[in-house]
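Heads up, the thing below is written out as structure tokens.
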Amino acid sequence: MTKVAVLGSTNMDLVAYVDRAPERGETVTGREFRTIPGGKGANQAVAAARAGGDVMMIGAVGDDEYGVRMRENLEHSGVDTDLLHTAEGPSGTAHIVVDGKGSNAIVVIPGANGTVTAIGPGEIAAIAEADLLLLQLELPLSAVLEGARAGHAQGVRTILTPSPVQQLPAELLDCVDLLIANEYEAAELSGHAEPHAAAEVLLSQVPALVITLGSKGCLYAARGSQTVHFPAPEVAALDTTGAGDTFVGTLAVALGEGRPVPQAIAWASSAAALCVQKPGASISMPYRSEIDAA
């Protein structure tokens, strides 16, 4: 079983479903409101666990009702939360608007995630025992960098999702084995809106990368190899929230199992396609049996 350590955020997603997202200064009437456990770190942890991984979540929740619910959600999905600490104050929240086409816009308020500025010996030991380490940017960069250093020092395959996107220090990128970015993130990091051009620039910073393209699939690029486009399964999207995290968590498990990259990407793409056909993030993530049957 693939051992995955996730150093990342836990947020309660506060989701408003609307026919059309409001323009600046505009008020619209929504169809539905839901509170759903999420956060990029927690989402990737749930996705990896449901795909069959042995997953450890490293991070923090607040000492509020949201914190209790988010911990329970992780544990229900089979994620080990021994290193998910409880901090004084509110948990992180993500305020999400999902329109009638399934597209979303998100505002994240860090809450307890902002208290994770460093990692301790227990976290470093857990990372060292993992096959893969998943990182995102919803925790303070100082903790992300410490985690990346720990993984790199122990030869743990390290995957970074650069979201929310920001310019990244070379010291962090030097520790990354695989960068998984969406079109917008890749453009921001590379200065090129065209994905192939972005991939060429980013390969000077990391040895391999995936640029996800939504319904158009994804690009995979690695040093010394030709960039390959993988199409996405054709489905009707209800809610794209969490699709990228589903892809990352599932891909990590597949790579840890030694699957060839094309097979691993196809499996992860199937998982993401299943996710977008249901509302919410973590609650819509498929189990291994569902992905295999897709």
- In sequence, state the C-alpha distance, the side-chain angles, and the governing distance for E194 and H196, and then conclude on side-chain hydrogen bond (donor to acceptor under 3.5 Å, both in side chains). CA-CA 6 Å; E194 201 284 314; H196 285 84; 3.2 Å; yes
inquiry  = Are L160 and V206 packed together at the side-chain level, in the sense that at least one heavy-atom pair is separated by less than 4.5 angstrom?
reply    =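 Not touching, per the 4.5 Å side-chain cut-off.
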Discussion item. Under the criterion side-chain hydrogen bond (donor to acceptor under 3.5 Å, both in side chains), I'd like the reasoning laid out for Q136 against S9: C-alpha separation, chi angles, the key distance, then a yes or no.
Written reply: CA-CA 8 Å; Q136 319 81 35; S9 60; 4.8 Å; no
Counting heavy atoms not belonging to [X], are there more than 12 under 6.0 Å from its [atom1]?
{"X": "E200", "atom1": "CD", "answer": "no"}
{"X": "E23", "atom1": "CD", "answer": "no"}
{"X": "E75", "atom1": "CD", "answer": "yes"}

Backbone of [Y] reached by a side-chain donor or acceptor of [X] within 3.5 Å:
{"X": "D63", "Y": "E88", "value": "no"}
{"X": "R288", "Y": "A49", "value": "no"}
{"X": "H76", "Y": "R71", "value": "no"}
{"X": "T212", "Y": "G217", "value": "no"}
{"X": "T81", "Y": "V79", "value": "no"}
{"X": "D13", "Y": "V15", "value": "no"}
{"X": "E257", "Y": "A254", "value": "no"}
{"X": "S142", "Y": "T117", "value": "yes"}
{"X": "D177", "Y": "T158", "value": "yes"}
{"X": "E123", "Y": "G120", "value": "yes"}

Ignoring hydrogens and angles, write down the donor-acceptor pairs under 3.5 Å from the side chains of residues 264-275, residues two or more places apart or on other chains.
| from | atom 1 | to | atom 2 | distance (Å) |
| --- | --- | --- | --- | --- |
| W267 | NE1 | D292 | OD1 | 2.9 |
| S269 | OG | I265 | O | 2.8 |
| S270 | OG | A266 | O | 3.2 |

Which pairs pass salt bridge (charged side-chain N to carboxylate O under 4.0 Å, His left out) with one or both residues in residues 138-155, sequence neighbours excluded?
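Salt bridge (charged side-chain N to carboxylate O under 4.0 Å, His left out) check on residues 138-155 returns R149-E171.
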CD1 of I127 to CG of L7, rounded to nearest 0.5 Å, is 5.5 Å
Pair [X] + [Y]: basic N to acidic O under 4.0 Å:
{"X": "K40", "Y": "D245", "value": "yes"}
{"X": "D54", "Y": "K3", "value": "yes"}
{"X": "R157", "Y": "D131", "value": "no"}

Notebook entry, point to check: Can you check side-chain contact (heavy atoms from CB on, under 4.5 Å) on Q44 and T161, steps first, answer last?
Noted result: CA-CA 10 Å; Q44 291 180 10; T161 305; 3.1 Å; yes
Inset, instruction - Walk me through it: do R223 and S204 pass the test side-chain hydrogen bond (donor to acceptor under 3.5 Å, both in side chains)? - result: CA-CA 8 Å; R223 291 173 183 167; S204 68; over 6 Å; no
**Message:** Holding to salt bridge (Lys or Arg N to Asp or Glu O under 4.0 Å), I want the full list of residues that pass it with E290, two or more places apart in sequence or in another chain.
**Reply:**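 Result, salt bridge (Lys or Arg N to Asp or Glu O under 4.0 Å) vs E290: K278.
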Show, in sequence, the C-alpha distance, side-chain angles and deciding distance for N113 and N11, and conclude whether the side-chain hydrogen bond (donor to acceptor under 3.5 Å, both in side chains) test is met.
CA-CA 8 Å; N113 297 303; N11 293 320; 2.8 Å; yes
Yes or no on side-chain contact (heavy atoms from CB on, under 4.5 Å) for I159 and L135, after CA distance, side-chain angles and deciding distance? CA-CA 6 Å; I159 298 176; L135 302 170; over 6 Å; no
Tested for side-chain contact (heavy atoms from CB on, under 4.5 Å) against I58, the lone hit among L83, L134, L133, L139 is L83
| request: Go through the steps to decide whether Y220 and I211 satisfy the test side-chain contact (heavy atoms from CB on, under 4.5 Å), and finish with yes or no. | output: CA-CA 7 Å; Y220 173 75; I211 300 178; over 6 Å; no
